[in-house]
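First comes the structure, then the notes that go with it.
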Protein chains: 2
Amino acid sequence: MVTSDKSFRPLRQRPSFVLSQLGFHSDRTFDELLVPVGVTRRQYGMLRILADADGRTQQELSSVLRVHRNVMVGLVDELEAAGFVERRRNPADRRAHAVHLTDRGRALLPMGEAALDACDDQLFGTLSAADRETLGDLLARVADAAHLLPGVHPGYEQAGDAPPNPISSRGRSNTRTG
Amino acid sequence: MVTSDKSFRPLRQRPSFVLSQLGFHSDRTFDELLVPVGVTRRQYGMLRILADADGRTQQELSSVLRVHRNVMVGLVDELEAAGFVERRRNPADRRAHAVHLTDRGRALLPMGEAALDACDDQLFGTLSAADRETLGDLLARVADAAHLLPGVHPGYEQAGDAPPNPISSRGRSNTRTG
DNA sequence: TATTGTTATACTCTATAACTATA
DNA sequence: TATAGTTATAGAGTATAACAATA
C-alpha cells in the first residue's frame with residue numbers, strides 16, 4: 001500500500017494547463033465568430049496567406065499552412081466551389097496550379113479581421129487595457145521562446161514530404177474538434 | 001475589382017491566436033513528457049480525478065471529464081488493462097461500477113505531477129519569476145471570466161446525456177491530435 | 001419505465017500509397 | 001527520374017443508437 005495522498009497543486013494554478021484550456025476556448029470562440037463569415041478557421045488561414053502573396057502553388061500553400069498536399073486539394077476544392085479562390089495554370093510549369101483570390105475571396109478578408117477583433121474582445125474584454133497589453137506581450141514572448149512560427153499554427157505539423165518552412169508567413173489552422 | 005489590400009495586424013499580435021498556438025504547443029509538450037510515465041493526457045486526467053475521490057462510478061467520471069459514457073468504457077478498459085485502476089461492484093447498486101485506483105495507479109500520480117512541473121518549466125522557463133507569476137495570474141483571470149471550470153478541459157464538451165457539471169472537480173483531457 | 005454499463009454502426013479526419021500529367 | 005496535383009484506401013476517433021442487467 002502506498003502512502004501518498006499528498007495534495008497536488010490545482011490545475012487552475014498550472015499555467016500550461018490553463019493555456020491549453022484557453023487555447024481550446026479561443027478556437028471554439030473564433031469558430032463561432034467565423035460562422036456568419038462563411039469559412040472555417042483553416043480556410044480563413046488560407047485566404048489570409050493568399051492576401052499576402054496571391055498566386056502561390058498548392059505545394060507552397062501546403063508548406064506554409066503545414067497541411068499535407070493531399071489535404072490541400074480538398075481545401076482548395078472547397079474554397080473554389082465557394083467562389084473565394086480560383087486555380088490557374090502556370091504557363092511556366094503546367095503541372096502546378098496557381099491559387100488566386102477572387103474578388104469575393106478578397107472581400108472576405110476584412111470580415112475575418114473583424115472576427116479576430118471580436119474574438120480578442122470576447123476573450124480579454126474583462127481585462128484593463130494595461131493588463132491586456134501585458135498579457136499580449138508575455139504570450140508573444142513565450143511563443144517566441146518556443147520557436148513557434150509567427151503566424152503558423154502548430155496544429156498541422158504533418159507536412160509530409162513538404163520542405164520545411166519555406167516562407168515565414170502567416171496562417172491559421174487547427175484540428176481540435178473536441 | 002475590390003480595392004482593400006489593407007495591411008492586417010500580424011497574428012503574433014493577436015493574443016487569441018497566440019493563445020491557440022500555445023495551447024496546442026502545451027498539449028504536445030505535455031504529451032511528450034507523459035510518454036515515459038506511460039499514460040496519455042486523458043488517462044492522467046482520470047487518475048487525477050480518482051486521486052481526489054476514489055471509487056466514483058463511470059457515469060460520474062464521464063460527467064467530470066466531459067467525455068461520453070461510451071467513451072469512458074474504453075478509457076477504464078485501458079487503465080484497467082494497464083493495472084492502474086480496477087472496477088468493483090457497488091453492493092448498493094449492482095448496475096454501477098465503482099472505479100478504484102490501484103497502488104500502481106496511485107504511485108503514478110507524483111510522476112504526472114512532475115511532468116506538469118517540467119511542462120511549466122519548459123514553456124515559461126525563459127520568463128523571470130515575476131513575469132511568470134504575472135502571466136499565470138492573468139491567464140487564471142481570463143479563464144475565470146470565460147467560465148472555464150477550474151480543472152476541466154473544454155475539449156470534451158460532448159457530455160451527451162450526462163448531467164451538467166455535477167462535481168466541481170479537476171480533470172485533464174483533450175483531442176487536438178493535430 | 002429509467003439507468004448503468006456495454007457493444008455495434010456510421011461518419012469524419014487523417015495518413016499512406018498509388019496514379020496522371022508534366023518536367 | 002522526379003515533381004505537382006489528384007484519387008483511393010485504410011486507420012483512428014467520435015457520435016449515435018441499440019442492447020443487457022438492474023433499479
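Proteins get letters first, then strands, A, B, ... in listed order; numbering begins at 1 in each.
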Between [Y] and [X], is the closest basic N to carboxylate O distance under 4.0 Å?
X	Y	result
Asp54(A)	Arg88(A)	no
Glu113(B)	Arg14(A)	yes
Arg141(B)	Asp131(A)	yes

Which is it for Arg12(B) and Asp144(A) under the salt bridge (charged side-chain N to carboxylate O under 4.0 Å, His left out) test, yes or no, and what are the steps along the way?
CA-CA 9 Å; Arg12(B) 177 54 47 99; Asp144(A) 283 341; 2.4 Å; yes
Cluster overlap Val67(B) with Val73(B), hydrophobic side-chain contacts below 4.5 Å:
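In one cluster with Val67(B): Val73(B), no.
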Shared hydrophobic cluster for Val64(A) and Val39(A) (ILVMFWY, side-chain gaps under 4.5 Å)
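Yes, same cluster.
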Among [options], find the nucleotide with the atom closest to the side chain of [X].
X	options	answer
Asn70(B)	dT4(C), dT14(D), dA17(D)	dA17(D)
His68(A)	dT6(C), dT16(C), dT14(C)	dT16(C)
Val73(B)	dT6(D), dA4(D), dT6(C)	dT6(C)
Ala96(B)	dG5(D), dG5(C), dT14(D)	dG5(C)

Dump the pairs, protein N or O against N or O of nucleotides 19-23 of chain D, anything under 3.5 Å, distances to one decimal.
residue : atom : partner  : partner atom : Å
dA23(D) : OP1  : Arg94(B) : N            : 2.9

How many whole angstroms separate atom [atom1] of [X] from atom [atom2] of [N]?
X	N	atom1	atom2	answer
Met72(A)	dT14(C)	CE	C1'	15 Å
Leu65(A)	dT14(C)	CG	P	12 Å
Gln59(A)	dT6(D)	CD	P	11 Å
Arg56(A)	dA4(D)	CZ	P	15 Å
Gln43(B)	dG13(D)	CD	P	11 Å
Leu61(B)	dT6(C)	CG	P	12 Å

Donor-acceptor contact present, side-chain Asn90(B) to main-chain Ala98(B), <3.5 Å
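No.
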Would you check, one step at a time, whether the test side chain to side chain contact (heavy atoms under 4.5 Å, CB included) holds for Asp93(A) with Thr57(A)?
CA-CA 11 Å; Asp93(A) 184 344; Thr57(A) 67; over 6 Å; no
Verdict with supporting geometry, Val85(B) and His100(B), side chain to side chain contact (heavy atoms under 4.5 Å, CB included):
CA-CA 5 Å; Val85(B) 304; His100(B) 288 268; over 6 Å; no
I need the residues from residues 81-88 of chain B with at least one non-hydrogen atom less than 4.0 Å from DNA chain C; give them sorted by number, or say none.
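Contacting residues: Arg87(B).
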Involving DNA chain D, stems made of at least three consecutive Watson-Crick or G-U pairs, both distances under 3.5 Å
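Stem segments, range with range: C:1-23 with D:1-23.
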Is Gln58(B) close enough to dT4(C) that one of its side-chain N or O atoms is under 4.0 Å from OP1 or OP2 there?
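For dT4(C), neither OP1 nor OP2 has a side-chain N or O of Gln58(B) closer than 4.0 Å.
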Picking from Arg87(A), Glu86(A), His97(A), what satisfies side chain to side chain contact (heavy atoms under 4.5 Å, CB included) with Val76(A)?
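When side chain to side chain contact (heavy atoms under 4.5 Å, CB included) is applied between Val76(A) and each of Arg87(A), Glu86(A), His97(A), only Arg87(A) qualifies.
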If we check side chain to side chain donor-acceptor pair (under 3.5 Å) with Tyr44(A), which of these qualifies: Arg42(A), Arg41(A), Arg48(A)?
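When Arg42(A), Arg41(A), Arg48(A) are each tested with Tyr44(A), the side chain to side chain donor-acceptor pair (under 3.5 Å) holds only for Arg48(A).
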